[in-house]
Amino acid sequence: MLGFLINRLLQAAAVMAAMTVIVFVGVHAIGNPIDVLIPPDATQQIRADVIARYGLDRPLVEQYLAFVGNLVRGDFGRSFVFNVPVAELILSRLPATAELTLLAVLGASLLGIPLGIYAGYRPRSPVSRAIMGASILGFSVPTFWIGLILILTFAVELRWLPAGGRGPTAVLLGVPWSFTSGEGLAHLLLPALNLSLFKLALLIRLARAGTREAMLSDYVRFARAQGLSELTVIRGHVLKNIAIPIVTVFGLELGSTLAFAVVTETIFSWPGVGKLIIDSIRDLDRPVMVAYLVLVTFLFVVINLVVDLVYGALDPRLRPGAAG
Amino acid sequence: MTGGPLAAFWHDFRGNRVAVAALVVVLLLLAGALSAPWLAPQDPYDQVTLSLLDARRPPGFVGSGGYVHLLGTDPSGRDMLSAILYGLRISLQIGVFAGACALVAGTTIGLVAAFVGGRLEQAIMRVVDLQLSFPAILLALILVALLGQGRGQLIAALAAAQYAYFARTAHGAAAAERRKDYIEAVLATPLPAARVVFRHLLPNILPPLIVVATVQIANAIALEATLSFLGLGLPITEPSLGMLIANGFQHLMNGRYWISIYPGVALMVLVVAINLVGDQVRDQVNPRLRR
């Protein structure tokens with residue numbers, strides 16, 4: 001077990017190292033940030049000052065080494081645009097994205113898995129067909145378009161919910177949150193719904209596909225032959241066997257929800273990390289882009305690691321050292 | 001069921017009415033996009049035919065051109081139906097091109113990995129798996145940011161974000177086929193390896209690749225629309241459906257829903273129809289559901 005853990009940790013570290021190189025080189029190929037930062041009519045002196053201040057005159061290798069050294073110390077540099085430390089900037093936007101993402105993923109799982117199991121258990125019933133039809137919609141219609149429809153329906157036509165922004169926040173444990181007040185929840189609801197629909201559809205499809213295959217399997221046939229009730233068969237045999245792909249996807253989706261939050265946050269003007277990265281791409285705000293990419297990679301590596309470890313807990317066959 | 005595997009396939013496909021309807025919709029939209037210059041009442045990008053008197057009119061308005069604007073007009077007096085037909089053209093072009101590039105690149109990589117084996121295979125597939133754990137939208141976003149804007153850059157970004165799905169599928173199928181007797185038999189002949197891979201192995205792993213391709217074309221169209229909506233896609237001179245939707249977004253709040261909603265409906269119908277067709281093909285190809 002320990003060897004397995006060390007092996008996985010080394011792999012994760014290698015991925016992180018490779019990613020910092022790719023991100024750094026990639027971001028430096030985008031274009032000349034000097035042109036963005038300095039007005040064309042600036043004097044030679046101002047140009048030289050800015051270049052020296054951001055270290056843009058040093059060789060790439062030197063800039064990279066300085067960059068990695070700073071990363072390890074948790075120093076991501078200063079944003080070109082906001083002129084504040086990037087770490088501070090991202091941390092200040094993180095709670096908004098965190099509560100949005102968690103609410104979306106939680107809602108999608110609590111609803112999606114039961115619906116999917118039902119659709120797989122009774123694949124030919126009209127209800128299952130309706131569930132699957134809706135899931136294809138949620139799966140294939142682009143997130144931003146669903147967001148527009150939600151705004152048009154609930155904000156413009158019905159005027160039930162606000163169209164965008166975060167609303168008032170209340171401080172809990174030193175961090176501002178929206179979910180603690182009714183007004184904040186109202187602002188949170190539409191973006192969270194928008195963000196959850198894709199995951200909801202995905203979980204429905206996964207749970208359905210797993211259940212359909214499980215229902216045809218010998219172990220379900222034998223469980224039924226033992227006279228177990230259908231509910232026991234589903235809970236004890238089907239659910240356990242479809243748990244692995246669902247846990248994998250759930251883990252990975254937690255990360256990809258962050259990516260989709262980019263779209264949702266832009267539509268609903270939600271002041272989270274996603275909106276920050278879009279703005280920084282548009283403004284060529286390199287330190288923010290780099291920090292975001294490195295953090296997202298880190299997150300993915302950690303999630304992958306955790307998913308691998310959870311596998312072992314869920315399926316004895318996958319435990320390292322298990323026979324066969 | 002006579003007439004070979006294709007006829008048998010069609011016989012099964014016909015059993016699902018929804019999938020048949022979806023296929024008809026896809027073909028109609030494709031025909032509409034291809035014949036846009038003849039079908040559209042107006043060339044939406046010929047400034048001469050635009051009149052500001054016709055701007056922001058609701059659907060059904062008869063404009064200065066003397067014909068009915070079935071889906072209304074946008075802020076520069078452009079007929080929305082025409083804009084949508086031309087936008088559909090651009091969206092489909094990007095989706096099909098990006099999907100094809102990803103298919104060729106991904107399949108080649110997957111096949112090479114499965115055939116060469118050893119360390120190289122492990123290294124390639126590790127990179128592919130790593131990329132698969134990264135959401136395509138994020139990759140496309142980063143690549144567009146790195147490569148800059150334009151049609152070629154966008155196609156390259158979409159293909160690079162999507163090739164991994166093909167590589168994984170091709171690798172899995174090829175690795176299974178490679179151990180079968182017929183491949184061992186051809187390998188024993190002095191035929192060049194490339195011929196074995198492309199003439200004998202490739203045809204046998206095509207079905208799963210076709211399934212991935214349908215879904216990925218739909219994904220590429222949706223991705224392109226998303227990027228264009230965020231202002232990171234095609235340049236403004238080539239308005240795809242995504243950009244039409246983005247342009248109409250600000251008017252949505254003022255109740256002029258048609259500028260944004262109708263291009264969105266076109267996008268939604270297109271993407272959903274392709275996915276429905278892909279779903280049915282997948283169910284037919286999946287041997288595990290055949291009992």
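Below, each value reflects all heavy atoms present in this structure, side chains not excepted, and no hydrogens, waters or symmetry copies. Each chain gets a letter, A, B and so on, in the order its sequence line appears, and its residues count up from 1.
- Remark: Leu158(B) CG to Asn219(B) CG distance equals 10.0 Å, nearest 0.5 Å.
- Only the side chain of Ile149(A) comes within contact range of chain B, with heavy atoms under 4.5 Å apart.
- Here the side chains of Met125(B) and Val128(B) are in contact, with some heavy-atom distance below 4.5 Å.
- Only the side chain of Ile278(A) comes within contact range of chain B, with heavy atoms under 4.5 Å apart.
- Between Asp279(B) and Arg282(B) a salt bridge is recorded (basic side-chain N to carboxylate O distance below 4.0 Å).
- Interatomic distance, Ile204(A) CD1 to Met132(A) CE, rounded to the nearest 0.5 Å: 7.5 Å.
- Here the CG-CG distance, from Leu227(B) to Leu141(B), works out to 6.0 Å after rounding to the nearest 0.5 Å.
- Of the atoms belonging to Arg129(A), not a single heavy atom falls under 4.5 Å from chain B.
- For chain B, the nearby parts of Ile267(A) are the backbone and the side chain; heavy atoms of each come within less than 4.5 Å.
- Ranked by heavy-atom pairs under 4.5 Å with chain B, the list Val262(A), Leu148(A), Thr143(A) is led by Leu148(A).
- Heavy-atom distances place both the backbone and the side chain of Ala225(B) under 4.5 Å from chain A.
- Interface residue Leu230(B): backbone and side-chain heavy atoms are both found under 4.5 Å from chain A.
- By the 4.5 Å heavy-atom criterion applied to side chains, Leu295(A) and Ile90(A) are counted as neighbours.
- Neither the backbone nor the side chain of Val127(B) comes within less than 4.5 Å of any heavy atom in chain A.
- One finds the CD1 atom of Ile151(A) at 12.5 Å from the CD1 atom of Ile146(A) (value rounded to the nearest 0.5 Å).
- In terms of heavy-atom pairs under 4.5 angstrom with chain A, the leader among Ile274(B), Val18(B), Asn275(B) is Asn275(B).
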